[in-house]
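The shown structure was predicted, so the numbers you read here are calculated from the model rather than taken from an experiment.
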Amino acid sequence: MKFIFDLSLIFGLWFFISMVAISQATIQYGPDGFVKIEEGLSGFNAALDSGDRFSRGHDVAGDVNGDGILDIVVGARSDDDGQTDAGAVYILFMNRDGTVQSNQKISMLEGGFTGTLNEGSFFGYGVAGIGDYNNDDIPDIAVTASSAPTNSIFIIHLNRDGTVKDFVRNGNIDSQGLSAIGDLNGDGRTDLVACNSLSNQGGQQRGAIEILFFDENSQVMPEKTVAINSTQGGFGDGLQNNDRFGGRKVALLGDLDNDGNKELAIGAFMSDGGKGAVWIVSLDSMTHQVISKLKITEGEGGFTDILTDGSNPNGTSGASFGHALCAPGDLNGDGIPDLITGANQQDEGWCYIIYLNADKTVKAFTKINNTAGGFGIELNPEERFSRSISCIGDLRGDGSIAVNIGGGAGGSGASGTGALYILTFKPCTIDQLPGNNRWANGNVFFSNWNHPTQMLTGPALTFEQCTSKAFEANAPYITYNFNDGRCITMDSTAISLVSTELSTAFINECNNDLFTTALSDYSPQVITSIFPNPTHSSILLSIERTSFSPYDRVDLMTMAGQILSTSRLSQHQIELDLSQYPAGIYVVNVIVENKSETYKIIKN
């Protein structure tokens, strides 16, 4: 994580400063590898049985064991501890590289859980990290048991080792999925959405969600619950029988249009004959009821991809678009939060990154599957990749974003117990050369344009789709035309020429060492965590010291080395406010006992 000031770095900084002076730059997030977690792989050893359905639900749990690394909670809703399909959850204690240090199982037989589960309770169908509910400085979790008579949401207060300190059962709640949506009502506790896609409210299996608020005793406050379905919560018309509205996860996007009301993404994965859909609803800031909505599916809401609608081997039909989703933040640098969802029945399972406009419509989309996305994932046929999705955040501590994608249905690995893919996205600077230019005379990685005929040879691409092509091939040079959607990516032998056709030349800095940090270089000695990173406003630095000298300090700097602020170190945590600065990459330089450590921070 530390910078080494040799000649190559000095040249790199000079190049960066020069480019800023003559060009415009945006930050987009590109692929930076994945880790697959399943029984016996990547440090995970839990003696799973076939059919346990490991990773049907998962979420970031926070730093449970206090080692400065975010941990993950994963459900195995068909585990047979105590009863057939009683269910279980696992706390995965993570390494920064996405592998598992160790794990703690919570079930009727393990982890200190004393609750009674029944056959088919499916404990762990939905899980969520909820932060510290009982004020003991240890993150807690919420877990659903979906089937009667156990149908409940358990608020589980954890010990540092991942075992159960105590729990509160909130009964008579039907929920196949569960999502934490932050503190919607401002009471200091994380709020939850219970997803009940089997609800018959307003019609057969139209589906429903409930926004749940909890008191200081971890008990749900029913008088404050907001139900949203065909007949409640202001949703109104739009849902049909068997749409399965609610899905397995929802995602709070934030305020897309800056009108003071937040937007919530909700899947309806069996709508339109099984193709599936995502609804973006705006919630009133006071009542949390729906005040407007927009549907995204094939041919609607700006989404133009073709979704399958035929029969599937598991007896369902269609692509199941919108089955699960999460909100990773702004991935394309346009200032508007984006969405990750999937169509887990489309071939081997496709994951979609949906780049949104302020009016809730789709600006662009890219795909991650066996052939697209740049991760190089090899999925089995009918693996149902993206059947579950959750956002971790900066697991590695280097400004990247980690996303959990569930897969491994049926036949993955030796046992077919289920798998979890952790995909890491790294920040990439896309520099735009001024004026109209194009790259020429280089080796072409991708092109949808025939220059002699002046015609497209394939579909017109959005700018995000074009940069995705550059990420997939590690192409440093991009030519894009905003008028006709032509996209050409080239290697470093290309030269810049004036474009008479109003094309624009870009430099892809995704693989420049100034903007990415190898895992092998990350060995913090002073800072134990930086959270959140990326950030919209401020970051909190945790420092592994109890005493400080008058000379210990933290400098916030630009990438060019300009000091923006200096703060004296006097306690083990310090907050830095970046809200007044524009989006971009910044440097935090920590100086303790005349030794310095340098970290990159992403402001989006």
Side-chain angles (χ1 to χ4, degrees), residues 56-57 77 122 125-128 142-154 170-181 184-185 191-214 220-253 262-272 274-284 287-297 316 318 320-327 341 387-389:
R56 277 295 176 94
R77 56 101 163 171
F122 296 130
Y125 208 136
V127 297
V143 181
T144 68
S146 63
S147 299
T150 321
N151 51 324
S152 305
I153 292 179
F154 294 85
N170 293 275
N172 298 315
I173 299 175
D174 295 323
S175 178
Q176 294 83 49
L178 192 65
S179 292
I181 57 170
L184 199 62
N185 64 348
D191 306 314
L192 294 172
V193 170
C195 304
N196 182 13
S197 65
L198 300 177
S199 171
N200 293 320
Q201 186 74 37
Q204 181 180 0
Q205 293 189 2
R206 290 193 176 189
I209 67 167
E210 288 185 327
I211 303 174
L212 305 175
F213 303 97
F214 293 79
V220 70
M221 296 183 283
E223 72 280 5
K224 294 187 177 182
T225 295
V226 178
I228 298 175
N229 52 55
S230 275
T231 63
Q232 296 174 289
F235 188 89
D237 296 334
L239 297 180
Q240 305 296 323
N241 290 344
N242 302 309
D243 272 5
R244 306 290 289 272
F245 176 75
R248 298 293 183 263
K249 282 275 189 182
V250 304
L252 188 70
L253 296 166
K262 294 180 179 179
E263 275 67 51
L264 184 70
I266 309 166
F269 64 91
M270 288 302 295
S271 70
D272 296 81
K275 289 185 175 183
V278 173
W279 290 88
I280 309 292
V281 303
S282 294
L283 301 178
D284 182 270
T287 66
H288 312 304
Q289 298 206 4
V290 177
I291 55 177
S292 66
K293 64 181 185 290
L294 182 131
K295 183 181 181 181
I296 296 172
T297 188
T316 64
S320 290
F321 177 71
H323 188 269
L325 26 73
C326 79
T341 187
R387 64 181 178 169
S388 55
I389 302 173

Please enumerate all residues that pass side-chain contact (heavy atoms from CB on, under 4.5 Å) together with [X], with sequence neighbours excluded.
X	result
Asn185	Asp183, Asp187, Asp191, Phe213, His288
Ser292	Ser282, Lys360
Gln240	Asp243
Lys262	Leu184, Leu252

Centroid separation under 6.0 Å, is that true for the rings of Phe245 and Phe235?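 Yes, the ring of Phe235 comes within the 6.0 Å limit of the ring of Phe245, centre to centre.
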Heavy-atom donor-acceptor pair, [X] side chain to [Y] backbone, under 3.5 Å:
X	Y	answer
Ser152	Thr150	yes
Gln176	Gly126	no
Thr144	Ser146	no
Lys224	Phe214	no
Thr297	Ala277	no

Do you know the tightest heavy-atom contact between [X] and [Y]?
X	Y	value
Cys195	Val250	SG-CG1, 3.9 Å
Ala251	Ala327	CB-N, 3.7 Å
Ser147	Phe122	OG-CD1, 3.5 Å
Val127	Gly57	CG2-C, 3.6 Å
Gly207	Asn229	O-CB, 3.8 Å
Val278	Ala265	CG1-CB, 4.2 Å

Drop me the distance from [X]'s [atom1] to [Y]'s [atom2], to the nearest 0.5 angstrom.
X	Y	atom1	atom2	result
Thr341	Ile296	OG1	CD1	9.5 Å
Arg387	Arg248	CZ	CZ	11.0 Å
Asn196	Gln201	CG	CD	10.0 Å
Ile228	Ser199	CD1	OG	12.5 Å
Gln204	Arg244	CD	CZ	10.5 Å
Asn151	Ile173	CG	CD1	8.5 Å

Are side-chain N/O atoms of Thr225 and Glu210 paired as donor and acceptor at under 3.5 Å?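 No - no donor-acceptor pair under 3.5 Å links their side chains.
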Does a side chain donor of either Asn242 or Arg206 reach within less than 3.5 Å of an acceptor in the other side chain?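 No, Arg206 and Asn242 have no side-chain donor paired with an acceptor closer than 3.5 Å.
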Applying side-chain contact (heavy atoms from CB on, under 4.5 Å) between Val281 and each of Ile209, Ile266, Leu294, report the one that passes.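 Exactly one option meets the side-chain contact (heavy atoms from CB on, under 4.5 Å) with Val281, and it is Ile266.
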Mind running side-chain contact (heavy atoms from CB on, under 4.5 Å) on Leu192 and Ile181 for me, showing each step along the way? CA-CA 6 Å; Leu192 294 172; Ile181 57 170; over 6 Å; no
Could you walk me through whether Gln289 and Val226 satisfy the side-chain contact (heavy atoms from CB on, under 4.5 Å) test, starting with their C-alpha distance in whole Å, then the side-chain angles of each, then the deciding distance to 0.1 Å, before giving a yes or no? CA-CA 7 Å; Gln289 298 206 4; Val226 178; 4.2 Å; yes
Asp174: which residues meet the salt bridge (Lys or Arg N to Asp or Glu O under 4.0 Å) condition with it, sequence neighbours left out?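 By the salt bridge (Lys or Arg N to Asp or Glu O under 4.0 Å) rule, Asp174 matches no residue at all.
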Contacts of Lys275 that satisfy salt bridge (Lys or Arg N to Asp or Glu O under 4.0 Å) - sequence neighbours left out: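 Per chain and number, Lys275 pairs via salt bridge (Lys or Arg N to Asp or Glu O under 4.0 Å) with Glu298.
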Does the structure place the NZ or CZ of Arg77 under 6.0 Å from the centre of the six-membered ring of Tyr125, at an angle of no more than 45° from the ring's axis?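 Output yes; distance and angle both within limits.
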Evaluate the criterion side-chain contact (heavy atoms from CB on, under 4.5 Å) for residue pair Leu264 and Leu253; output intermediate values, then yes/no. CA-CA 6 Å; Leu264 184 70; Leu253 296 166; over 6 Å; no
Should Arg56 and Ser388 be marked as a side-chain contact (heavy atoms from CB on, under 4.5 Å) after you check the CA-CA gap, both sets of side-chain angles, and the distance that decides it? CA-CA 6 Å; Arg56 277 295 176 94; Ser388 55; 5.8 Å; no
Should Met270 and Asn241 count as side-chain neighbours, where that means a heavy-atom distance under 4.5 Å?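 No, every pair of side-chain atoms sits at 4.5 Å or beyond.
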